[in-house]
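Below, chain A is the first sequence line, B the second, and so on; all start at residue 1.
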Amino acid sequence: MSKRKHEETAVSTKKPKTSGHWAKGLLQTMKDPEFVVNSDDSVTIIRDAYPKAEFHYLVLPMEDISSLKAVKKEHLSLLEHMEAVANDLIREDKHKHKDFKLGYHAEASMLRLHLHVISDDMNSACLKTKKHWNSFNTAFFINSTDVVQSLKQNGRVVLPGREQCKKFMEQQLQCHKCDYKPKNMPDLKGHILKHLRK
DNA sequence: GTTCTAGAAC
DNA sequence: GTTCTAGAAC
């Protein structure tokens with residue numbers, strides 16, 4: 001036997017092309033018909049390539065807005081439109097029996113502003129780490145309505161600072177539906193199954 | 001953002 | 001010995 005790792009022969013599960021820096025991945029996914037759910041003149045909706053719940057979509061503007069930090073008051077109607085499009089999506093029949101959260105991460109890793117549209121089951125094989133959990137289930141996740149309100153009131157989106165974000169990510173694991181405090185991720189992933197209601 | 005894996009935690 | 005987390009990735 002050679003020392004080389006065995007060749008992967010199985011067809012890999014669909015992944016978006018990842019040419020260029022990983023932070024630009026969403027820009028590629030936006031162009032991939034496999035992931036695009038819907039779009040109009042100003043926004044595109046895609047399925048998240050690594051969904052953290054049974055339903056997990058992203059709404060992205062066509063305009064090259066890198067993140068919440070780059071959002072200006074002239075983007076107000078765009079952000080309102082992103083929220084409206086997200087609300088239309090979750091009213092579709094296939095989502096009827098699910099509750100959804102609409103919001104932004106306080107600090108995003110991936111380029112291009114994106115609104116998360118995620119069912120609140122948090123039941124997914126892609127949800128693996130404490131950071132994953134806390135990014136959707138602490139104040140690190142900012143509801144779209146609050147982002148829009150902040151933009152209206154301040155002319156920009158007021159965000160928690162770097163240290164505050166770090167604290168959110170290090171927060172003790174907490175079930176989002178009851179007072180249970182899981183001892184680790186496998187414990188949490190087992191626990192949330194009890195709350196499933198499809 | 002994910003993958004991989006060393007070494008901490010159990 | 002096995003499970004689990006957290007940090008590097010050129």
Task: Lys101(A) NZ/CZ over Phe141(A) ring centroid, <6.0 Å and within 45° of normal - done: yes
TODO: Examine Arg47(A) relative to Phe35(A) and say whether NZ or CZ is less than 6.0 Å from the centre of the six-membered ring and inside a 45° cone about the ring axis.
DONE: yes
Open item on the list: Treating Lys52(A) as the side-chain partner and Tyr50(A) as the backbone partner, does any N or O pair qualify as donor plus acceptor under 3.5 Å?
Closed with: yes
Between [atom2] of [N] and [atom1] of [X], the distance in whole Å:
X: His21(A); N: dG1(B); atom1: NE2; atom2: P; value: 13 Å
X: Lys131(A); N: dT3(B); atom1: NZ; atom2: P; value: 14 Å
X: His56(A); N: dT2(B); atom1: NE2; atom2: C1'; value: 15 Å
X: Trp22(A); N: dG1(B); atom1: CH2; atom2: C1'; value: 5 Å
X: Asp48(A); N: dT2(B); atom1: CG; atom2: C1'; value: 12 Å

Task: Assigned partner base of dA8(C), Watson-Crick or wobble definition, under 3.5 Å - done: dT3(B)
Open item on the list: At less than 4.0 Å, is any side-chain N or O atom of His132(A) found next to OP1 or OP2 of dG1(B)? Yes or no.
Closed with: no
Task: Close side-chain approach of Ser42(A) to Leu78(A), heavy-atom, < 4.5 Å - done: yes
TODO: Look at the side-chain heavy atoms of Ile, Leu, Val, Met, Phe, Trp and Tyr, link any pair under 4.5 Å apart, and say whether Met62(A) and Ile45(A) land in one connected group.
DONE: no
Enumerate all atom pairs, one protein N or O and one N or O from nucleotides 4-6 of chain C, separated by less than 3.5 Å.
unit_1: dT5(C); atom_1: OP1; unit_2: Met185(A); atom_2: N; d: 3.0

TODO: Would you indicate what His114(A) reaches in the nucleic acid, counting non-hydrogen atoms under 4.0 angstrom: base, sugar-phosphate, or nothing?
DONE: nothing
Open item on the list: Tell me which one of His116(A), His95(A), His56(A) satisfies ring pair (Phe, Tyr, Trp, His ring centres under 6.0 Å) with Phe100(A).
Closed with: His95(A)
